[in-house]
Amino acid sequence: MQRTIAGRRVLITGASSGIGRALALALAAKGARLAVAARTESALLTLAAEITAAGGITPVVLVTDLSVPGNAEALAHRAVTELGGVDILVNNAGVGCFGFQWNVGDREEGREVYETNFWSPLALIRELVPQMRARGTGLVVNVSSLMQLRTWPGLGYYASSKSALAAMTETLRLELMGSRIGVMELLPGPVDTQFLSEAAHSPGARHILKNLPIGDTEKLAVAAVRAIEQGRRRLVYPRRLVAALYLPMLVRFKAARTVRGAAADIDVDDARVLRSGSAGDPVARQARAEWALAHRRAS
Ligand SMILES: NC(=O)c1ccc[n+]([C@@H]2O[C@H](COP(=O)([O-])OP(=O)(O)OC[C@H]3O[C@@H](n4cnc5c(N)ncnc54)[C@H](OP(=O)(O)O)[C@@H]3O)[C@@H](O)[C@H]2O)c1
């Protein structure tokens, strides 16, 4: 099914940086009317100004913390009020936490990952899909991760939250089969963002990342917009990693040595439990600041 983006009302979470920001710019360039959501208001306002300056429709800025239960529901209401409805929901906001299971257990840090990466997308779906069904049209785009196929020590909360989101995305597609509401899963592999710069600091990461292609947010956004227009169900980016989706056992087998290398490189007595993201622990925020500085210098 071909889709046009011009004039569509889009709610996109996690638009203040990285992949979400690039998606917002690419969708606005196609004429979408956006509501952009995240915690960092200044970054959302900068994005809104950039879109306006480029001739796009000025987005509505919605500041919210999706790690807090109830906020996703409120966000959906605000987006509907501001835009008059939501035609395309992009569930992109995501965080991780670093810590071994015997230290994190069901602590707040682990629960926050699930609230942001899993429960908030579902809350937004619960609020917005019934309205799409009533209109007989709509699209849900869930940003999962190729880490749904390959976890690594200390990052199980992130990987499992993305596996859970991927399973619910596939379920939603089946539930909406026969309707005119589309469901697309965007599966990024490593993409050069502040989030990846944090992940790269986690123990064992150098083993995992060393042989992987690192993608670029703008190219990802161009490919994602094309996939939305073409009515695709899934997009793996970078494309070189598409085999991971269709031959997961082979990929697991091939990656086993690397992951064993990573596992051997970690200190199991490391009792740290670290939040990622712009509101994360100092080590995460430092990695993000270094990334931002290096990218400012390069541009
Ligand atoms: N980069 C990669 O290699 C990679 C690979 C696979 C999947 N992904 C997924 O791609 C998505 C975007 O990640 P990214 O790489 O672009 O990282 P990023 O630059 O850190 O972006 C994450 C976005 O999520 C928002 N966010 C995080 N916690 C939030 C919260 N509690 N409430 C509201 N918004 C929140 C952040 O905004 P604020 O901090 O301003 O709230 C930011 O806009 C995530 O779902 C991530 O899991 C990334």
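Whatever order the structure lists them in is the order used to number ligands and atoms, beginning at 1. These numbers were taken from a predicted model, which means no experiment stands behind them.
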Greater than 12 external heavy atoms within 6.0 Å of Glu229's CD: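 Counting other residues, nucleotides and ligands, CD of Glu229 exceeds 12 neighbours.
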Pairwise side-chain contact, Arg21 with Ser16, heavy-atom cut-off 4.5 Å (strictly under):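 Sidechains of Ser16 and Arg21: no contact.
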Salt bridge (Lys or Arg N to Asp or Glu O under 4.0 Å) partner of Asp87, chosen from Arg9, Arg8, Arg33: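 Result for salt bridge (Lys or Arg N to Asp or Glu O under 4.0 Å) with Asp87: Arg9.
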Check ion pair Arg126-Glu73 (N to O, under 4.0 angstrom):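 Counted as a salt bridge, because a side-chain N and a carboxylate O are separated by less than 4.0 Å.
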Salt-bridge criterion met for Arg107 and Glu112 (N-O under 4.0 Å):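 Glu112 and Arg107: not salt-bridged.
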Atom-level proximity to ligand 1, residues with heavy atom under 4.0 Å: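 Correct list: Gly14, Ala15, Ser16, Ser17, Gly18, Ile19, Ala38, Arg39, Thr40, Thr64, Asp65, Leu66, Ser67, Asn92, Ala93, Gly94, Val95, Thr116, Val143, Ser144, Ser145, Tyr158, Lys162, Pro188, Gly189, Pro190, Val191, Thr193, Phe195, Leu196, Ser278, Arg288.
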Tyr158/Phe195 aromatic ring centres below 6.0 Å: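 Close enough - the centres of the two rings lie under 6.0 Å apart.
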